[in-house]
Number of protein chains: 2
Amino acid sequence: MANGKIQRITPQRRMIQEVLDKPDYHPTAAELYEDLRRRLPRISLGTVYRNLDLLVRNGLINKLDMGSSKSRYDGNTKKHHHIRCVSCHRMDDINALPAGQTEPQIKEIRGYRILDHHFEFVGLCPSCRNRQNAGEEKRL
Amino acid sequence: MANGKIQRITPQRRMIQEVLDKPDYHPTAAELYEDLRRRLPRISLGTVYRNLDLLVRNGLINKLDMGSSKSRYDGNTKKHHHIRCVSCHRMDDINALPAGQTEPQIKEIRGYRILDHHFEFVGLCPSCRNRQNAGEEKRL
DNA sequence: GTATGTGCAAATTATTTGCACGAAG
DNA sequence: CTTCGTGCAAATAATTTGCACATAC
């Protein structure tokens, strides 16, 4: 993986993209690795990380770093936002902003040239709302 | 640090809060540690992490996990948003949303009970705009 | 005086990388 | 065939933790 361009299509690479194409699926590298192993038993975690990094650098997937030490990856490259569960760390897509909200069009703030923006909503997912006040879940 | 409540005020704990009170200051744990060592030469990195975690759990500071493997910490607990430089990872506060933007008031999306939301703007900070197209900086 | 907090060092977790072999083009 | 990619294992980087001593209250 000398430079940053994708040169070859390997089964590993193709499968990573294919699996990440599911909607509302934002796995960590380790979760993705477990998924992939069912179909490519000899794949290694290093290969998963190398390919994720390559796909991110080529703009084919996105890396999400939010509220956890582990990165998550998102195959949906269309503009959208996320909602994350504070309790179980589940993450889902939000394709349209809530009523009355519009995407900011501004190009400069505080001297920065603005390239992009994200919303993140934080809350309790449907499952965690139920067993809510059952104390903190995994607090990773 | 048996449970989650702050029991005692130690010089280390007081100094961490005091240093984090500066505006537009969002250091990583390691950066904060270096800062603190100038005034408390014997402080340890473990103590910094333990106190940051405790302060976060008590709502006295915020932890920011965005676009990097290192967490940053923010002493400003008033509602605000951030802009982050893609190149040098500098991060600044945005206290008011851009013209036309309002804070979402919605309480539920996709079955989640919404507790909070953040905007993050991403762009090039003033310094990096200058030496821009000078290729990628530290890509941490 | 006692429980909580600290410093230190070792442990853990997530991610990255060197190297020899394998496979895409 | 040649270069790029993979598996494996070891290396790094960030964060957490066990333990004996120190200190806030």
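Proteins get letters first, then strands, A, B, ... in listed order; numbering begins at 1 in each. Please read these numbers as outputs of a predicted model, since none were measured by experiment.
Atom CZ of R110(A) is surrounded by more than 12 heavy atoms from other residues, nucleotides or ligands within 6.0 Å.
Out of dC8(D), dA14(C), dT15(C), the shortest distance to the side chain of K70(A) is found at dA14(C).
With axes fitted over five pairs at each extremity, the angle between the ends of the helix from dG1(C)-dC25(D) to dG25(C)-dC1(D) is 40° (10° resolution).
In the hydrophobic clustering of ILVMFWY residues, with side-chain heavy atoms under 4.5 Å counting as a link, Y112(B) and L64(A) come out apart. In the hydrophobic clustering of ILVMFWY residues, with side-chain heavy atoms under 4.5 Å counting as a link, V122(A) and I94(B) come out apart. Under the 4.5 Å side-chain heavy-atom criterion for grouping Ile, Leu, Val, Met, Phe, Trp and Tyr, V56(A) is connected to M15(A) within one hydrophobic cluster. One hydrophobic cluster, built from ILVMFWY side chains closer than 4.5 Å, holds both I6(A) and Y73(A).
With sequence neighbours left out, the salt bridge (Lys or Arg N to Asp or Glu O under 4.0 Å) criterion links D116(B) to K79(B).
A perpendicular orientation is assigned to the rings of H26(B) and H82(B), their planes being inclined by more than 60° (bins at 30° and 60°). Using a 30° and 60° split on the angle between ring planes, F119(B) and F119(A) fall in the tilted class, from 30° to 60°.
Counting any heavy atom pair closer than 4.0 Å across all strands shown, S71(B) reaches sugar-phosphate atoms only and no base atom.
If you take CZ of R57(B) and P of dT15(D), they are 16 Å apart, rounded to a whole angstrom. Computed from coordinates, the D53(A) CG to dG5(D) C1' distance equals 14 Å when rounded to whole Å.
Put simply, Y49(A) has no side-chain N or O that comes within less than 4.0 Å of OP1 or OP2 on dT16(C). Note on R13(B): every side-chain N or O is 4.0 Å or more away from OP1 and OP2 of dT4(C).
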Test salt bridge (Lys or Arg N to Asp or Glu O under 4.0 Å) applied to D74(B) and R72(B), step by step: CA-CA 7 Å; D74(B) 187 349; R72(B) 293 178 173 275; over 6 Å; no

Where along nucleotides 18-25 of chain D does protein come under 4.0 Å, by heavy atom, of base (B) or sugar-phosphate alone (S), with - for untouched nucleotides? B----BBS

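Residue order along DNA chain D, read from the 5' end via each residue's closest nucleotide, puts Q12(A) first among Q12(A) and A29(B). Positionally, the nearest nucleotide of DNA chain D for T47(A) lies more toward the 5' end than for the other of T47(A) and D65(B).
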